[in-house]
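The structure under discussion appears below in the form of structure tokens.
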Amino acid sequence: MNPLQQELQRAILTEQHDLRNLVVQDFWRQAFHEMPPTGWLNDPNGLCQFNGVYHLYYQFSPIDVAGGLKYWGHKTSKDLVYFQDEEVFLYPDQPFDLHGVYSGSAFIKDNELHFFYTGNVKLEGDYDYINSGREQNTIHVVSKDGFTITSRKQVLGMADYPPGFSQHIRDPKIVQYKDSFYMILGARTRSDQGDLLVYSSTDLSEWNYQGTLLESNPSLGYMWECPDLFTLNGQDILIISPQGMEAEVDKYQNVYQSGYFLGEMDWQWCRFKQSGHFQELDYGFDFYAPQTFEDEQGRRMMIAWMGLPDIEPNYSNPTVAFGWQHTMTLPRELVFLNGKLYQKPLPAYQQLRRELITRHLTVNGECNDQQLFGEVYELSINIEQLTSFFAVHLREDTEISFHATNGQLCLSHGESGYGRTLRRLALEQLDSLTIFSDRSSLEVFINEGEYVLTSRFYPKPGKDRISFSGEASINICKWDLIKADN
Ligand code: FRU
């Protein structure tokens with residue numbers, strides 16, 4: 001650590017002291033989701049498992065709850081359930097990243113960790129910061145342990161990016177094919193279309209431009225952030241987070257999207273031939289910038305930011321008053337089955353299960369059970385029979401409902417949504433719901449992870465009833481979830 005970093009670290013720790021006192025007073029502090037110790041959190045970065053330890057780095061503004069200058073925060077875990085906060089991994093302290101250590105990924109080679117991230121620089125002056133006034137440099141960091149840095153060098157700068165592109169080029173992801181390495185970068189063209197740049201390398205240091213990965217498409221917005229590419233069960237899958245897509249009735253309802261294409265990667269030409277249209281990964285209010293990695297058991301894991309940029313004034317987060325903002329989704333395993341991408345909650349989370357309540361219920365109108373309540377829990381509902389309408393009501397004013405007649409699943413919040421009102425998705429049949437309720441978030445897995453809705457909400461303490469309405473016959477299991485150190 002250099003002297004500037006040491007002084008920065010001391011200054012941050014002092015400022016964090018007061019923020020920590022606020023954070024501990026917050027009822028909406030998460031019980032089993034990862035949140036920043038203080039300040040602001042956004043994208044997961046550098047996800048990997050290295051010598052048995054899971055590393056979760058993330059976009060972090062430790063002392064600016066509104067998200068100012070970005071650092072890489074760091075958490076580690078042995079099981080993806082219990083995480084430990086570590087020291088900041090990357091500070092924006094170099095000429096190539098002075099205005100933010102932006103998003104990036106990790107790549108393991110010869111028992112060393114290679115991180116690639118975007119160094120954001122904004123020049124002083126009268127610029128639009130899209131086509132002028134900005135640098136987004138690509139930086140390579142080597143580490144032998146994930147905590148200390150052996151080298152940190154710029155490998156690409158503005159002069160290395162092709163003509164026709166704006167200065168928004170970021171979020172490198174590395175993929176290996178045979179003996180070559182490929183870097184994919186999210187980009188915005190000068191004509192305001194999203195695109196992906198591909199570079200190749202044989203040593204992770206020298207990178208050569210190969211072209212664009214995908215045919216760009218004006219209906220997919222003006223900028224594609226956070227690309228990810230992997231093969232699952234023989235299927236190539238490309239993830240992007242596009243900005244600027246038009247909303248439809250039951251699609252693309254958030255300010256920005258995150259989704260994927262199925263297709264086939266042609267490594268000879270560095271082109272991804274999509275075989276289907278863009279599909280959203282999540283239908284809730286708060287899901288963005290997902291990143292995946294393969295763990296040592298060969299599982300494809302995904303974590304996303306449970307939040308979105310530029311949401312105000314439509315909705316807000318009351319935790320800002322308590323010195324922190326945003327959280328990560330639960331880690332999910334991606335599974336490709338029968339032509340579909342499923343997201344599965346990790347079985348490891350079952351260790352948090354405490355008291356179990358099971359019921360077989362015949363719902364006919366309103367259905368209340370005095371024993372069914374809670375704030376931090378997992379609720380699994382299997383539908384035996386459903387006529388036309390079925391709804392689950394939980395916490396202060398949240399409803400998850402299924403309308404069989406028009407094939408629509410809805411998630412709605414009242415006041416507790418702080419501006420979040422209604423999200424819907426087209427669904428032919430509802431077989432099951434698995435709901436993870438934390439103090440200020442909800443993840444709803446539909447039909448064993450065929451669809452997911454992820455949302456922040458802020459119900460008042462003690463508003464904890466779980467009830468049902470409609471006409472259905474259901475089996476439920478509900479577990480309180482408790483983390484041992486909570
Ligand atoms: C996505 C994103 C990335 C960028 C980072 C900055 O949320 O905008 O494109 O690298 O956040 O924090």
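As the structure lists them, so they are numbered: ligands from 1, and atoms in each ligand from 1. For the single chain, residues carry numbers from 1 onward in sequence order. From a predicted model like this one, the values you see are computed outputs, not experimental measurements.
Just one of F147, F89, F83 meets the ring-ring contact (aromatic ring centres under 6.0 Å, His included) condition when paired with H55; it is F147. Tested against H140, the residues H114, K153, R152, Q154 include a single side-chain hydrogen bond (donor to acceptor under 3.5 Å, both in side chains) partner, H114. None of W267, Y177, Y199 except one satisfies the ring-ring contact (aromatic ring centres under 6.0 Å, His included) rule with Y182; the exception is W267.
Numbered from 1 in the order shown, with element, the atoms of ligand 1 that lie under 4.0 Å from a heavy atom of S103 read 5 (C), 10 (O). Taking every non-hydrogen atom of K70 and a distance limit under 4.0 Å, the qualifying atoms of ligand 1 come out as 12 (O). The ligand atoms of ligand 1 that sit less than 4.0 angstrom from a heavy atom of Q59 are 5 (C), 6 (C), 12 (O).
Within the 4.0 Å heavy-atom criterion, neither part of N120 lies near ligand 1.
A ring-centre distance under 6.0 Å is found for Y418 and Y458. The distance between the ring centers of F336 and Y342 does not fall below 6.0 angstrom. Aromatic pair Y57/Y117: centroids not less than 6.0 angstrom apart.
Below 3.5 Å of separation, one finds no N or O of Y102 facing any N or O of ligand 1. At under 3.5 Å, not a single nitrogen or oxygen of Y288, backbone or side chain, sits near a nitrogen or oxygen of ligand 1.
Judged by the shortest distance from any of its heavy atoms, D171 lies inside the 4.0 Å radius around the atoms of ligand 1.
Summarising the contacts of atom 5 (C) of ligand 1 with T118, D43, L69, the nearest heavy atom is found in D43.
In terms of protein heavy atoms, atom 8 (O) of ligand 1 is closest to E225 OE2, 2.9 Å.
Stacking of K70 on the aromatic ring of F60 is not recorded, the 6.0 Å distance cut-off and the 45° axial limit not both being met.
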